[in-house]
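Notes to accompany the following structure.
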Amino acid sequence: MSIPFLDLKALHRDIEEELVEVFRDCLKSASFVGGTQVVEFEKEFAQFCETKYAIGVSSGTDALRFALMASGVGPGDEVITVPNTFIATAEAISQAGATPVFVDIDERTYNMDPNKLEDYLRKRFTPNASRLTPRPKGVVPVHLYGQPADMDSILEVARRYDLIVIEDACQAHGALYHSKKENRWKKTGSMGVAAGFSFYPGKNLGACGEGGAVTTNDEEVARKVAMLRDHGQTKKYYHEFEEYNGRLDTIQAGILRVKLKNLPDWNEARRQNAGYYTELLKGCPEVVSPFEPENTKAVYHLYAIRTEHRDKLMQHLSENGIGTGLHYPIPLHSQKAYHKLHQENGGYPVAERVAKEILSLPMAPHLSREQIKIVADAIKEFPWHGFREAEHTDGTVRGR
Ligand SMILES: Cc1ncc(COP(=O)(O)O)c(C=O)c1O
């Protein structure tokens with residue numbers, strides 16, 4: 001039995017009729033941009049995220065850019081994020097006119113390490129450095145793989161240094177974080193000034209095309225995002241500034257409404273599947289399973305394990321018909337696109353190590369226990385032992 005890394009056809013099987021109905025309705029009404037579907041989806045998604053506002057936009061990249069711009073980030077500003085994310089996180093910062101800067105991650109959660117954030121800011125705000133531009137203005141923590149970042153700590157550091165926090169929730173629709181400060185569970189996307197979500201097809205909530213949303217509790221930020229996505233207008237042909245066409249299509253909004261109804265069940269199924277993987281992989285000490293702190297409920301957009309023998313394991317799984325993915329093989333500071341930032345290799349040791357060892361296994365709500373067992377068995381059948389011995393004899397094994 002072959003198990004693809006991602007099987008969207010299987011996900012759509014049960015809701016195909018409802019999705020086709022959305023297409024039919026759009027054709028019948030000949031309404032393709034804006035309209036009731038977008039307005040209703042925005043209400044429903046805001047409710048789901050427990051925020052006052054959600055504004056549909058054309059992608060997660062645009063959502064992050066609009067969220068940054070509407071919150072006051074622009075040229076001359078520096079915005080801090082992590083190097084182990086999809087390039088769009090940093091691109092959105094650059095596209096808003098600011099400069100992206102990276103801080104290293106936590107070894108267990110793979111999310112921003114608040115201590116490293118604080119270290120960086122402390123150095124940055126020494127009396128001599130404070131005259132330098134660009135000036136730190138914001139932080140973009142990424143809830144990577146659907147695992148919430150340590151928001152209490154990040155928000156506290158940001159408060160002390162007067163930085164705005166924009167969450168990259170592109171992989172975390174519906175994840176929960178228990179705020180000690182507020183003594184309650186909070187949804188990802190509801191904790192910063194604003195957040196960007198992606199509805200790229202493979203996401204936990206995916207469109208049948210491109211899409212994204214900004215969530216916020218700030219009325220003014222919501223108003224600005226609505227203008228940024230629509231040529232700087234609030235009323236047709238009355239433009240307050242030049243901007244962009246970054247709207248969410250009517251058809252995509254309709255599709256997202258169908259899928260949103262299923263999202264709580266799908267997220268729960270992902271959590272169950274993650275739990276089963278972790279249970280089965282306990283018998284395999286060479287593999288590090290994802291770590292979920294007690295004050296979080298991750299939604300497992302990805303289930304990423306870690307091993308020193310990543311490349312060979314990936315090949316072994318592929319030979320056994322099992323698809324895997326790398327998220328992400330090269331940290332952003334080492335990408336050609338960011339050589340201009342002059343961030344040296346070696347500057348982010350945790351992110352650099354993790355990039356060499358991380359491997360995403362098949363993960364989806366509809367994945368059966370049988371499929372998960374096949375993947376876990378294939379991992380256990382990998383010749384770990386022979387491998388270790390061979391590496392020891394030629395002295396090339398890497399220590400942690
Ligand atoms: C962490 C992260 N940020 C931003 C994005 C950008 O979203 P989109 O592809 O919808 O532009 C993605 C999507 O892949 C992502 O995973």
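Whatever order the structure lists them in is the order used to number ligands and atoms, beginning at 1.
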For Ala175 against Gly146, the heavy-atom pair lying closest together: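 In this case the closest contact between Ala175 and Gly146 is CB-O, 3.5 Å.
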Quick one: nearest non-hydrogen protein atom to [atom], plus distance?
{"atom": "atom 16 (O) of ligand 1", "answer": "Gln171 NE2, 2.9 Å"}
{"atom": "atom 11 (O) of ligand 1", "answer": "Thr61 OG1, 2.5 Å"}
{"atom": "atom 15 (C) of ligand 1", "answer": "Cys170 CB, 3.6 Å"}
{"atom": "atom 14 (O) of ligand 1", "answer": "Lys203 NZ, 2.7 Å"}

Quick one: does [X] get an N or O within less than 3.5 Å of an N or O on ligand 1?
{"X": "Tyr200", "value": "no"}
{"X": "Ser198", "value": "yes"}
{"X": "Val142", "value": "no"}
{"X": "Asp168", "value": "yes"}

Atoms in ligand 1 with a heavy atom of [X] nearer than 4.0 Å:
{"X": "Thr85", "result": "1 (C)"}
{"X": "Thr89", "result": "3 (N)"}
{"X": "Ala88", "result": "4 (C), 5 (C), 6 (C)"}

Cation-pi, Tyr276 ring and Arg369 (6.0 angstrom, 45 degrees):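 Yes, Arg369 and Tyr276 form such a contact.
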Cation-pi, Phe382 ring and Lys312 (6.0 angstrom, 45 degrees):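 Cation-pi check for Lys312 and Phe382: fails.
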Answer with yes or no whether the side chains of [Y] and [X] bring together a donor and an acceptor at under 3.5 Å.
{"X": "Asn267", "Y": "Tyr300", "answer": "no"}
{"X": "His327", "Y": "Ser360", "answer": "yes"}
{"X": "Gln147", "Y": "Thr296", "answer": "yes"}
{"X": "His12", "Y": "Lys259", "answer": "yes"}

contact_flag Tyr328 ligand 1 heavy-atom lt 4.0 Å: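 Tyr328: in contact with ligand 1 (<4.0 Å).
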Salt bridge Arg271-Glu292, side-chain N to carboxylate O under 4.0 Å: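 Looking at Glu292 together with Arg271, the answer is yes, because their closest N to O distance falls below 4.0 Å.
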